[in-house]
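As the structure is a computational prediction, the values presented were derived from the model and not from experiment. Lettering follows sequence order; numbering is per chain, from 1.
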Amino acid sequence: MSGARRIEEGVRRPDRVTLRLDGADLAACPGESVLAALVASGARRLRDDREGTARGAFCNMGTCSECTVWVRKGAAAWVRRRACLVPVEADLCVLTHAPEAT
Amino acid sequence: MNASMSYDVAIVGGGPAGMAAAERTIGAGLSTCLIDEQPRLGGQILRQPPPGFAVTGWQSGRLYRAARALLARVERLDAFDFRAGHAVLGVGAGHAEEGGFALSVQPLATGGVERIDARRVIVAGGCYDMPVAFPGWTLPGVMSAGAVQTLLKSPQVLPGGRIALFGTHPLMIVLAEQILAAGGEVAGVHFAQPRRAMLAALGPRLPGVLRAWRPLLEGARGLANLRQAGVPVHFGSAIVRAEGGDALEAITLLRAGGRERVACDVAAMCYGFLPQSDLVRQVGAAVRWAPGPGGWETLCDEGMRSSLPGLYVAGETAGVAGSDVAMLRGALAGVTLACDAGALDEVEGARVAAALRARIARLAPFTAMLRELADPQAYLPEPELETLVCRCEDVSARALDAAIAACAEGDDGFGASAVKLRCRAGMGLCQGRSCEHAVIRRIARASGREAAQVAGFTARFPARAVPIAELLERDAPAR
């Protein structure tokens, strides 16, 4: 866990929705990016590299692709996206690892 | 590919340059499509809070005033098509008979690939933080200054409890103030260069710089604020390593007085910025190695025309110079394009363009001073042999050096692509954006060349990583 947090003073946000992250529930604000929700929750390790070493967010502007995750809206198919470019919405599932073949 | 849409102008990038260009092309009556990956206009410097958020006093600092005024004007325009949340994967030749360009774009929300046709294109892709490899830099918690800043600006998230800043760029002062204003703790601001080097860059240019005095004043005021808030600001304090287990716990810095270990959960690097140049390189426009942090800036004439007829550049893609210059260059590109398209009277266009160029010239001394003052080249930390240089393909400095040595046996003039083929550096999801400058510099050092003499990675479609299934998707229903 990090000391990350949402800034509350002077900020009004929409009501939280529940994001399904690696099978667990995470409260997040609609419109903020999935990466912002992950960072705000204190999550730091977003993936492992080939050596099994932890990796986290790096650029937050779509350039480095370190935050690439799998996302699924409702019953749609899983797609790979940069988490910094995916807005949080209801019925969104996120996996930090590849979904198992079904 | 799905349905095609056709425009007089397609502008890639909704930051200050792209917005200023759009304002001019729309004003000239040209059908304009503005494309950006982000959900809202503004670019990185004005990364807006998400829709539905209300933030009191958002970006109210003086440094953002002109860009904010532009944003407000462009958001009121309704005569253009803003493709938010669309990634441009490629720019290629358009119809065989009609000419122009065809852009491949990926709507991030719905997926697939669509085609946008445009008679002319302005690439205003902006820039990104120079990624710098040193021991421990891949630990979660080590990030770019831009990442911290955009998390603060848009979703209003503080990424850590104690944030340390290091590098060579004075933007660190602005960022440190923003962290404090957000209620965060700054665990130190570490300029790698000594104070006298910064003063030496400032001194001789002072008369010209004073014509653009606002940023200087803001910098001095910011430094005073940080000192008053008790934030340590060090000069000649260079990062050696980042430490931690599964995430960052501390950074170690080296300076004249010895080593200092600074506990922090975020450490943000700020060594300057590289132009986003993948699209212009992909379509074949001429570029040159940029000064300071490096990367590729697009060559253009005084009207922002690239070497390819019909392709214009604006903002940092044409060379990193800050948002004030980016706005002026964007407007200039829009005016030139409108004249070339016959949508603006030549005489009127020339008059407006001359006025814009005069304003750019007034800012030039400040831009040149900042570039020299912030130049990271003499202060870059050294990776160890086991340090990963390519983050995507996990290529260490050792593996990179072996590939460079192998290339050198066959060919004196080898470039970054030859090295990439041997060790996979630059072959990953970021398409080489993170490691290219480092690969080029390592090749230059090993072969006794200047970085500018080393060819970069061949820029290829797609500019962003996109799943094959989405590239192949055809005849999907209209969205």
Side-chain angles (χ1 to χ4, degrees), chain A residues 1-15 28-33 35-51 53-68 70-71 73 76-82 84-89, chain B residues 37-39 44 47 49-57 85 87 108-109 111 128-129 131 138-144 146-148 150-152 154-162 182-185 245-248 265-266 276 388 391-392 394 428-431 433-434 464-465 467 469-470:
Chain A
M1 292 290 282
S2 72
R5 59 186 184 271
R6 288 184 179 81
I7 302 163
E8 299 297 344
E9 196 184 325
V11 182
R12 218 173 55 238
R13 294 178 165 84
D15 291 339
C29 299
E32 68 185 8
S33 69
L35 181 64
L38 288 171
V39 170
S41 77
R44 307 177 78 189
R45 185 179 197 153
L46 301 185
R47 71 175 179 99
D48 287 358
D49 67 19
R50 286 168 199 174
E51 302 286 318
T53 310
R55 294 291 189 86
F58 186 74
C59 86
N60 190 41
M61 48 180 81
T63 292
C64 76
S65 294
E66 278 281 3
C67 68
T68 300
W70 283 258
V71 297
K73 166 75 179 160
W78 290 103
V79 290
R80 271 189 106 177
R81 288 289 183 271
R82 290 161 282 170
C84 66
L85 288 168
V86 179
V88 167
E89 55 182 326
Chain B
E37 291 190 318
Q38 294 293 332
Q44 301 304 334
R47 265 279 280 276
F53 278 49
V55 180
T56 309
L108 295 170
Y128 59 101
D129 296 77
T138 53
L139 276 169
V142 179
M143 55 183 83
S144 73
V148 176
T150 48
L151 282 164
L152 290 170
S154 177
Q156 305 286 311
V157 166
L158 259 170
R162 269 175 63 80
E185 184 186 350
D246 286 343
L248 178 70
D265 56 357
V266 167
Q276 294 274 15
L388 299 185
R391 298 174 68 100
C392 302
D394 301 353
L429 287 180
C430 89
Q431 321 280 76
R433 273 180 285 267
S434 295
R464 303 294 195 197
E470 291 184 50

Option in [options] with maximal non-hydrogen atom pairs under 4.5 Å from chain B:
options: A/Ser65, A/Cys29, A/Ala40, A/Ala57; answer: A/Ser65
options: A/Cys64, A/Ala77, A/Ala4, A/Gly62; answer: A/Ala4
options: A/Arg6, A/Glu51, A/Glu66, A/Glu9; answer: A/Glu66

From [X] [atom1] over to [Y] [atom2], what is the distance, rounded to the nearest 0.5 angstrom?
X: A/Cys67; Y: A/Arg82; atom1: SG; atom2: CZ; result: 8.0 Å
X: A/Ile7; Y: A/Arg13; atom1: CD1; atom2: CZ; result: 7.5 Å
X: B/Asp129; Y: A/Thr63; atom1: CG; atom2: OG1; result: 8.5 Å
X: B/Thr138; Y: B/Asp394; atom1: OG1; atom2: CG; result: 8.5 Å
X: B/Cys430; Y: B/Arg464; atom1: SG; atom2: CZ; result: 9.5 Å
X: A/Glu32; Y: A/Leu38; atom1: CD; atom2: CG; result: 9.5 Å

Residue [X] versus chain A: region with a heavy atom under 4.5 Å:
X: B/Ala182; answer: both
X: B/Pro131; answer: both
X: B/Leu248; answer: both
X: B/Arg391; answer: both
X: B/Ser154; answer: neither
X: B/Ala87; answer: side chain
X: B/Pro159; answer: both

Examine whether an atom of [X] lies under 4.5 Å from a heavy atom of chain B, and if so say whether it belongs to the side chain, the backbone or both; otherwise answer neither.
X: A/Arg81; result: side chain
X: A/Glu8; result: neither
X: A/Thr68; result: side chain
X: A/Pro87; result: neither

Count the heavy-atom pairs under 4.5 Å between each of [options] and chain A, then report the option with the highest count.
options: B/Arg47, B/Gln431, B/Glu185; result: B/Arg47
options: B/Pro155, B/Gly146, B/Ala147, B/Gly85; result: B/Ala147
options: B/Leu429, B/Leu139, B/Thr56, B/Leu158; result: B/Leu158
options: B/Gln156, B/Gln38, B/Met143, B/Glu37; result: B/Gln156
options: B/Leu152, B/Leu108, B/Val148; result: B/Leu108

List the atom of [X], the atom of [Y], and the distance in Å for their closest heavy-atom pair.
X: A/Phe58; Y: B/Val142; answer: CD1-O, 3.6 Å
X: A/Cys84; Y: A/Ser33; answer: O-CB, 3.5 Å
X: A/Pro14; Y: A/Pro30; answer: CG-O, 3.8 Å

Discussion item. Looking at A/Ser2, is its backbone amide N or carbonyl O close enough to the side chain of B/Asp265 to form a donor-acceptor pair, meaning the two atoms are under 3.5 Å apart?
Written reply: no

Discussion item. As a quick check of understanding, evaluate side-chain contact (heavy atoms from CB on, under 4.5 Å) for A/Arg55 and A/Thr53, giving each step before the final call.
Written reply: CA-CA 7 Å; A/Arg55 294 291 189 86; A/Thr53 310; 5.6 Å; no

Fill in: Heavy-atom check, side chain of A/Val39 versus side chain of A/Asn60, under 4.5 Å
no

